[in-house]
Amino acid sequence: VKELAELNIVDTLKVKLIEVAMNVNRLAESKDQNRARVNYGIATTSAEVLRLMGVECSLPVWEAEGFLRVRLIIEGKEIV
């Protein structure tokens, strides 16, 4: 696995997007709504930047038991 510093900006943003998308769901599991919503905001912004850079990505969101949950699809592959 490459170190984050060795990746180009697109790959670096993909890694960060995956991290925050996973955080949204993990924080929902632990019932930490505030941090989950902050991570969701970071995820939506990161996904939009990637789309503007030509990367196909989708971040469907839904609410379950009052907590946000996400799926992450990058270039046709479900990641989260």
Side-chain angles (χ1 to χ4, degrees):
V1 175
K2 289 184 178 181
E3 292 295 322
L4 199 55
E6 296 176 21
L7 300 174
N8 65 40
I9 189 68
V10 171
D11 289 337
T12 301
L13 280 171
K14 286 179 186 177
V15 169
K16 291 298 182 182
L17 175 56
I18 292 166
E19 288 175 359
V20 295
M22 291 172 63
N23 281 344
V24 171
N25 293 335
R26 180 181 56 79
L27 291 164
E29 287 293 323
S30 65
K31 308 292 188 214
D32 190 341
Q33 189 173 64
N34 290 335
R35 285 188 178 90
R37 289 185 183 274
V38 167
N39 276 266
Y40 175 69
I42 296 166
T44 58
T45 302
S46 300
E48 183 59 25
V49 169
L50 282 169
R51 281 192 287 274
L52 291 170
M53 296 175 83
V55 176
E56 177 190 337
C57 63
S58 172
L59 189 71
V61 63
W62 69 97
E63 194 172 301
E65 299 177 16
F67 295 90
L68 295 177
R69 303 284 185 155
V70 296
R71 281 188 350 168
L72 175 60
I73 303 161
I74 299 176
E75 297 172 337
K77 295 180 185 174
E78 187 169 338
I79 309 296
V80 174

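Just so we're clear, the structure is a prediction, and the values are computed from it rather than from any experiment.
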Joint cluster assignment, L17 & V15, ILVMFWY side-chain distance < 4.5 Å:
no
Set of residues satisfying salt bridge (charged side-chain N to carboxylate O under 4.0 Å, His left out) with respect to E56, sequence neighbours excluded:
none
What are the two closest heavy atoms between A36 and A28, and how far apart are they?
CB-N, 4.3 Å
Shortest non-hydrogen contact from L59 toward A21
CD1-CB, 4.4 Å
Checking R71 against W62 for the side chain to side chain contact (heavy atoms under 4.5 Å, CB included) test, could you report, in this order, the C-alpha distance in whole Å, the side-chain angles of both residues, the deciding distance, and whether it holds?
CA-CA 9 Å; R71 281 188 350 168; W62 69 97; 3.8 Å; yes
Within one Ile-Leu-Val-Met-Phe-Trp-Tyr cluster: L72 and M22, side-chain cutoff 4.5 Å
yes
For M53 and L13, work out which heavy atoms get closest and say how close.
SD-CD1, 3.8 Å
Take N39 and R26 through the side chain to side chain contact (heavy atoms under 4.5 Å, CB included) test and state the conclusion after the steps.
CA-CA 10 Å; N39 276 266; R26 180 181 56 79; over 6 Å; no
Atom pairs and distances, side-chain donor-acceptor, residues 73-80, under 3.5 Å, sequence neighbours left out:
unit_1, atom_1, unit_2, atom_2, d
E75, OE1, K14, NZ, 3.4
E75, OE2, K14, NZ, 3.4

About how many Å separate CG of D32 and CZ of R37, when rounded to the nearest 0.5 Å?
11.5 Å
Output side-chain donor-acceptor pairs under 3.5 Å for residues 41-51, partner residues at least two apart or in another chain, one line each.
unit_1, atom_1, unit_2, atom_2, d
T44, OG1, Y40, O, 3.3
T44, OG1, G41, O, 3.0
T45, OG1, G41, O, 3.0
S46, OG, I42, O, 2.9
E48, OE1, R51, NE, 3.3
E48, OE1, R51, NH2, 3.2
R51, NH1, C57, O, 3.0

Shared ILVMFWY cluster between V20 and V55, side chains joined below 4.5 angstrom?
yes
